[in-house]
Amino acid sequence: MKCSRVRRFLSAYHDGEIAGPKREEIARHLEGCAVCRQELEALKAAVETIRAAEVPDSPLYLATRVLAEIRQSGAGRAAARRPVWARVFASAAAVVLIAAGVWVGAMLGNGIAGSGSKANGTNEWPFEGTEPSFAEVYESMFTEE
Amino acid sequence: MKQPTDQDTELVVRSKAGDLAAFEELVKLHERGLFAYMYRMCGNRDDAEELAQAAFVRAWGGISGFRGESSFKTWLFRIATNLAINKRTRTRPTVELSELLAAPESRQPEESFRRKRREELVQAALDRLPKDQRAALVLSVYEGMSYKEIARALGKTVRAVDSLLVRAKQNARRFLEPARKRNVL
Ligand SMILES: [Zn+2]
């Protein structure tokens with residue numbers, strides 16, 4: 001693999017978005033190429049510098065303000081005024097939806113688990129869209145260039 | 001312990017049924033993350049608070065349209081991203097790198113002084129990025145989102161996210177490297 005091609009994908013490589021044989025191919029190139037290795041180190045250093053910078057804490061009253069604004073606008077009362085039976089029905093329907101979602105998620109999970117997504121999985125949702133993962137897109141980018 | 005998203009799912013369901021207390025729980029679970037994201041996007045507390053609050057209020061208003069195709073967090077962040085990109089934030093004087101590097105010696109303890117300077121430099125680097133690059137970088141670096149999740153939060157393709165991140169990192173590096181070389185970071 002050429003250096004220019006490796007460099008183009010170092011960012012995604014470092015973010016863990018490239019998996020399988022392509023990842024190994026890049027790793028092998030890096031073992032033998034000091035220039036690209038240095039480039040990766042510089043990239044890592046920049047990302048780590050950014051990550052290390054702290055953000056001030058969120059204000060303690062944020063939730064209170066949000067709720068106050070919702071109540072003031074009347075949007076909070078509209079839903080609360082619905083009759084009890086309507087709310088019970090909505091909750092029951094929602095339980096059915098969740099159960100269905102979990103089932104679909106379990107069925108889909110076998111096929112797509114972890115495809116291109118980071119290992120932490122904190123944002124997993126039972127429903128998966130049809131958009132391709134980066135790993136799939138990456139394959140096509142590779143063959144184009 | 002429940003997974004955060006399971007907890008979200010239940011709270012979303014109750015919020016859709018009009019349960020404002022459930023929505024309040026969602027706000028509490030996500031306020032920290034959303035405020036941090038907005039702070040990174042606009043670089044000051046006042047705008048960050050205003051944007052985070054507006055995003056939550058919109059989320060409540062649109063919760064019936066949320067179909068669970070992404071996590072609640074990604075959906076919320078998408079609303080906030082749109083607000084942040086469209087908002088003209090308070091104009092702050094652009095800090096020159098040379099100014100930051102030449103900051104007068106401080107009497108603060110060494111470590112806290114360095115930390116403060118690092119924060120300023122990083123925020124100055126982020127401030128200089130076009131907003132879409134900034135959003136992609138912040139979601140990747142601080143939120144640990146995958147490219148697919150970032151694509152959803154920004155309403156872009158995965159491929160566009162990859163190229164935004166390549167450019168964002170190049171730009172940030174160009175800005176931060178002189179400071180790193182002078183060992184100020
Ligand atoms: Zn090379």
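Residue numbers begin at 1 in each chain, while the letters A, B, ... track the order of the sequences.
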task = Could you tell me which of M38(B), R115(B), R173(B) has the largest number of non-hydrogen atom pairs under 4.5 Å with chain A?
result = R173(B)
inquiry  = If I compare all heavy atoms of L62(A) with all of A52(B), which pair ends up nearest, and what's the gap?
reply    = CD2-CB, 4.1 Å
request  = Report yes if the side chains of D162(B) and R8(A) come closer than 4.5 Å at any heavy-atom pair, otherwise no.
outcome  = yes
Residue-level interface, residues 31-41 of chain A with chain B, non-hydrogen cut-off under 4.5 Å = E39(A)
task = Decide yes or no for V66(A) and W60(B): does some side-chain heavy atom of the first lie under 4.5 Å from some side-chain heavy atom of the second?
result = no
Under 3.5 Å: donor-acceptor pair, side chain of E17(A), backbone of Y147(B) = yes
message = Rounded to the nearest 0.5 Å, what separates atom OG1 in T64(A) from atom CD in E31(B)?
response = 8.0 Å
task = Taking ring pair (Phe, Tyr, Trp, His ring centres under 6.0 Å) as the test, write out the residues that go with Y37(B), two or more places apart.
result = F77(B)
inquiry  = On a heavy-atom basis, which atom in R118(B) and which in T49(A) lie closest, and how many Å separate them?
reply    = CD-O, 4.3 Å
key: Top of A52(A), A45(A), S58(A) for chain B proximity - count of heavy-atom pairs under 4.5 angstrom   = S58(A)
Donor-acceptor contact below 3.5 Å, side chain Y142(B) vs main chain I50(A) = yes
message = Testing the basics here: between F35(B) and P56(A), what is the closest heavy-atom pair and its distance to 0.1 Å?
response = CE2-O, 3.4 Å
inquiry  = If you define the side chain from C-beta out and look only at heavy atoms, does anything of S11(A) sit under 4.5 Å from Q170(B)?
reply    = no
query = Can you get from V122(B) to Y39(B) by hopping between Ile, Leu, Val, Met, Phe, Trp and Tyr side chains that sit under 4.5 Å apart?
reply = no
Salt bridge (Lys or Arg N to Asp or Glu O under 4.0 Å) partners for R28(A), two or more places apart = none
ask   = Measuring heavy-atom distances to chain B, does E69(A) have an atom under 4.5 Å in its side chain, in its backbone, in both, or in neither?
value = side chain
key: Spacing of CD1 belonging to I70(A) relative to CZ belonging to F23(B), to within rounding of 0.5 Å   = 5.0 Å
inquiry  = Tell me whether F72(B) shares a hydrophobic cluster with L83(B), the cluster being built from Ile, Leu, Val, Met, Phe, Trp, Tyr side chains joined at under 4.5 Å.
reply    = yes
request  = Mind listing the closest non-hydrogen atom pair of D15(A) and K169(B) along with its distance?
outcome  = OD2-NZ, 2.7 Å
request  = Spell out, yes or no, whether V138(B) and F175(B) are grouped together once hydrophobic residues are joined by side-chain heavy atoms under 4.5 Å, including indirect joins.
outcome  = yes
task = Measure across K28(B) and A63(A) and return the closest heavy-atom pair with its distance rounded to 0.1 Å.
result = CG-CB, 4.0 Å
ask   = For atom CZ of R7(A), is the number of surrounding heavy atoms from other residues, nucleotides or ligands below 6.0 Å larger than 12?
value = yes
ask   = Is chain A contacted by the side chain of A172(B), its backbone, both, or neither, given a heavy-atom distance below 4.5 Å?
value = side chain
Single-linkage hydrophobic cluster, 4.5 Å side-chain cutoff, L10(A) and V166(B) together = no
Sequence-distant partners of R32(B), salt bridge (Lys or Arg N to Asp or Glu O under 4.0 Å), two or more places apart = D57(A)
key: Part of L34(B) within contact of chain A (heavy atom distance under 4.5 Å)   = neither
